[in-house]
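Throughout, protein chains are lettered first and strands after them, A, B, ... in sequence-line order, and every chain is numbered starting at 1. Only this structure's heavy atoms are used, side chains among them; waters, hydrogens and symmetry mates stay out. Values in this document were obtained by computation on a predicted structure and should not be read as measured data.
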Amino acid sequence: MTPRVILHADMDAFYASVEQRDRPELRGVALVVGGKPPRGVVAAASYEARRFGIRSAMPSVEALRRCPDLVFLPGDMAKYGRESKRIFAIFARYSPDVEPLSLDEAFIDVTSCLRAHGDAPPLEIGRRLKDDVLRETGLCVSVGIGPVKMIAKIASDASKPDGLLEVMPDEVRAFLAPLPIGRLWGVGPVTEAALLRAGLATVGALADLEVSELARRAQRVGGGCTPAALERLWRLARGEDAREVEPEREAKSYGEENTFAEDVHDVRVLSDAIGQHAEAVARRLRKDEVAGTVVRLKVKSTERLAMPGKYRQYSRQESLPEATDDGATIARTARALLARGELPMPVRLIGVAVAGIRSRTASMGEQMSIFAPPRNRELNRALDAITARFGAGAVRRGAGGADKASPTLGVKRGE
DNA sequence: TCTGGGGTCCTAGGACCC
DNA sequence: TCTGGGGTCCTAGGACCC
């Protein structure tokens, strides 16, 4: 079997770079896109800000402490979305097999179209891709190339900023071996700490274990690291990653949530927020012509956990007899979940999500299901039309009053 | 007066069916 | 007086990713 050629393309400091491109006065300035103190976090930091040690996912208060002159931008998701479309249109010219990971990041499997690229070496293909993106959008992208997804991803990360790095199949083990264990895709803070305690500090140390040792070592690692989980990581550490590039992944859930500016003691405020989230989720379901059978309520209390910055969280869900895309139905179900039992007050965050997603048409063929009570369908159509024209804040069903949900900003770690 | 919001995947227990 | 084992669905929680 000939090895695959997989590119991982990842925009450099995406949101921050878009802002600096469009506003020349921001060039050379330490800035972040994200939520302001006291409760916000950094979604993206310009390279000038990174010189102060500011990183994605850092609390904004901490960022401000490191750089008192830091400029905060709220971010413009609609703009980043448009920019994302342009970038993905470029990616699509390189292969039909493009798997988005986020607005600014994708795997591109070019194995089957090497000929179409004039049998150019992979590194040359990566170079052309970078040039196209820079010329057409004015933005920088880093590209990693490898025989499997994870290697391509780590390579792009290692090459940043403005990077281009190919790891050949016979170089994989040597490339991975010296990396700290936390760089492995799927090893976060909790697993990293557990692996370190078990004496596995580098990817190479894990890769060098004998298969027969794994079960015993998993015992030593503990902390929820099952033998199966450790074996998965072990394979990744050896550069074995069988996952294919999947161009057509459908969303499995749609959710909206918000952290309140201040802790909430009033159930009516929670109920109102549920209503807004339910309508927002429903609008997105209808826009994508899908519906879901599971309604999920998420509540974050103010109780802190041992991990810094973590709070105790509760979730309750209910399966519906039929798939729905109706905000009123989602809201009613979520409110019933809220009322089902005592929850510790006050509340820091509340969220509503719909899962069990199926396409509207497929579902109708299956079971003649109708997603909203007939009397609501006219109303929903009207709501969608008004929202499309005037934006999400223009119209709201029922009584209002709660804080508006904060804008959505994805975090880009390790750019 | 100290960490967001969008997701995915995995695990584990219990209910239920055959 | 006794009760296996597999499969599937549901729910809750947690780790992880960007």
Side-chain angles (χ1 to χ4, degrees), chain A residues 8 10-11 13-15 32-44 55-65 74-75 77 80-81 84 99-106 149-150 153 157 182-194 223-229 232-233 243 246 249-263 277 280-281 284 293-300 302 304-305 307-320 337 340-341 348-357 405-415:
Chain A
H8 179 258
D10 193 354
M11 305 297 291
F14 183 49
Y15 304 158
V32 299
V33 174
K36 285 190 174 177
R39 292 198 165 180
V41 300
V42 174
R55 295 285 179 270
S56 299
M58 177 179 281
S60 296
V61 275
E62 171 67 14
L64 196 57
R65 201 181 56 72
M77 286 311 293
Y80 308 147
S84 175
E99 177 182 335
L101 286 183
S102 67
L103 279 185
D104 76 315
E105 185 183 344
K149 284 164 95 169
M150 188 194 64
K153 178 149 175 66
D157 193 46
R183 290 285 294 277
L184 214 52
W185 202 19
V187 175
V190 174
T191 308
E192 180 181 23
C225 187
T226 62
R232 264 197 303 276
L233 292 179
R243 292 168 295 187
E246 290 180 56
R249 298 184 66 184
E250 315 254 298
K252 298 190 166 166
S253 68
Y254 288 65
E256 300 261 339
E257 62 188 53
N258 74 293
T259 297
F260 296 102
E262 285 166 9
D263 298 337
H277 289 323
V281 167
R284 287 168 54 204
T293 55
V294 178
V295 175
R296 194 177 293 155
L297 177 74
K298 170 171 158 182
V299 172
K300 195 184 275 184
T302 53
R304 292 176 168 283
L305 299 180
M307 281 275 288
K310 294 287 170 200
Y311 296 85
R312 183 165 306 286
Q313 203 169 282
Y314 303 83
S315 71
R316 290 173 183 166
Q317 66 178 58
E318 182 175 332
S319 295
L320 303 174
L337 289 168
R340 208 179 65 187
R348 183 181 175 85
L349 164 150
I350 197 152
V352 175
V354 171
I357 301 298
S406 15
T408 325
L409 296 166
V411 162
K412 335 230 70 56
R413 285 191 178 101
E415 286 165 75

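In terms of position along DNA chain B, the nucleotide closest to M58(A) lies nearer the 5' end than the nucleotide closest to the other residue of the pair G255(A) and M58(A). Each of K298(A) and P59(A) lies near DNA chain B, and the nucleotide nearest P59(A) is the one positioned closer to the 5' end.
With sequence neighbours left out, R183(A) forms a salt bridge (Lys or Arg N to Asp or Glu O under 4.0 Å) with D157(A). With sequence neighbours excluded, no residue forms a salt bridge (Lys or Arg N to Asp or Glu O under 4.0 Å) with R55(A). Shown here are the side-chain contact (heavy atoms from CB on, under 4.5 Å) partners of Q317(A), two or more places apart in sequence or in another chain: V294(A), R296(A). With sequence neighbours excluded, the residues satisfying side-chain contact (heavy atoms from CB on, under 4.5 Å) with R243(A) are K149(A), M150(A), W185(A), L236(A), D241(A). Residues passing the side-chain contact (heavy atoms from CB on, under 4.5 Å) test with K300(A) are Y311(A), Q313(A), R348(A), L349(A), sequence neighbours excluded. Qualifying side-chain contact (heavy atoms from CB on, under 4.5 Å) partners for S315(A), counting only residues two or more places apart in sequence or in other chains: none. Contacts of R232(A) classified as salt bridge (Lys or Arg N to Asp or Glu O under 4.0 Å), with partners at least two apart in sequence or in another chain: none.
Within the 4.0 angstrom heavy-atom criterion, only backbone atoms of the sugar-phosphate kind lie near V187(A); the bases stay farther away. Contact annotation for R55(A): no contact, since no heavy-atom pair falls under 4.0 Å across all strands. Within the nucleic acid shown, K153(A) comes within 4.0 Å of sugar-phosphate atoms alone, with no base atom in reach, counting heavy atoms only. Residue P37(A) is classed as having no contact, given no heavy-atom separation below 4.0 Å to the nucleic acid.
At the phosphate of dC2(B), neither OP1 nor OP2 sits under 4.0 Å from any side-chain N or O atom of R65(A). Side-chain nitrogen and oxygen atoms of T259(A) include at least one within less than 4.0 Å of the OP1 or OP2 phosphate oxygen of dG5(B).
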Donor-acceptor list for residues 57-65 of chain A side chains, cut-off 3.5 Å, not counting sequence neighbours:
unit_1	atom_1	unit_2	atom_2	d
S60(A)	OG	G35(A)	O	2.3
S60(A)	OG	G40(A)	O	3.3
E62(A)	OE1	R65(A)	NE	3.3
E62(A)	OE1	R65(A)	NH2	3.4
E62(A)	OE2	R65(A)	NH2	2.9
E62(A)	OE2	R66(A)	NE	2.8
E62(A)	OE2	R66(A)	NH2	3.3

Going by atom type alone, with no hydrogens or angles, which donor-acceptor pairs under 3.5 Å involve a side-chain atom of residues 186-193 of chain A and a protein atom two or more places apart or on another chain?
none

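If you take CG of D104(A) and P of dG6(B), they are 17 Å apart, rounded to a whole angstrom.
The stretch residues 312-320 of chain A has no heavy atom under 4.0 Å from DNA chain B, so no residue of it qualifies as close.
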If you restrict it to nitrogen or oxygen atoms, what contacts under 3.5 Å exist between nucleotides 8-15 of chain B and the protein, and what is each distance?
unit_1	atom_1	unit_2	atom_2	d
dT8(B)	OP1	K252(A)	N	2.7
dT8(B)	OP2	S253(A)	N	3.4
dT8(B)	OP2	S253(A)	OG	2.8
dT8(B)	O3'	R249(A)	NH2	3.2
dC9(B)	OP1	R249(A)	NH2	3.0
dC9(B)	OP2	K252(A)	NZ	2.9

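Consecutive Watson-Crick or G-U pairs involving DNA chain C, each under 3.5 Å on both distances, make up stems of three or more pairs at B:5-18 with C:5-18.
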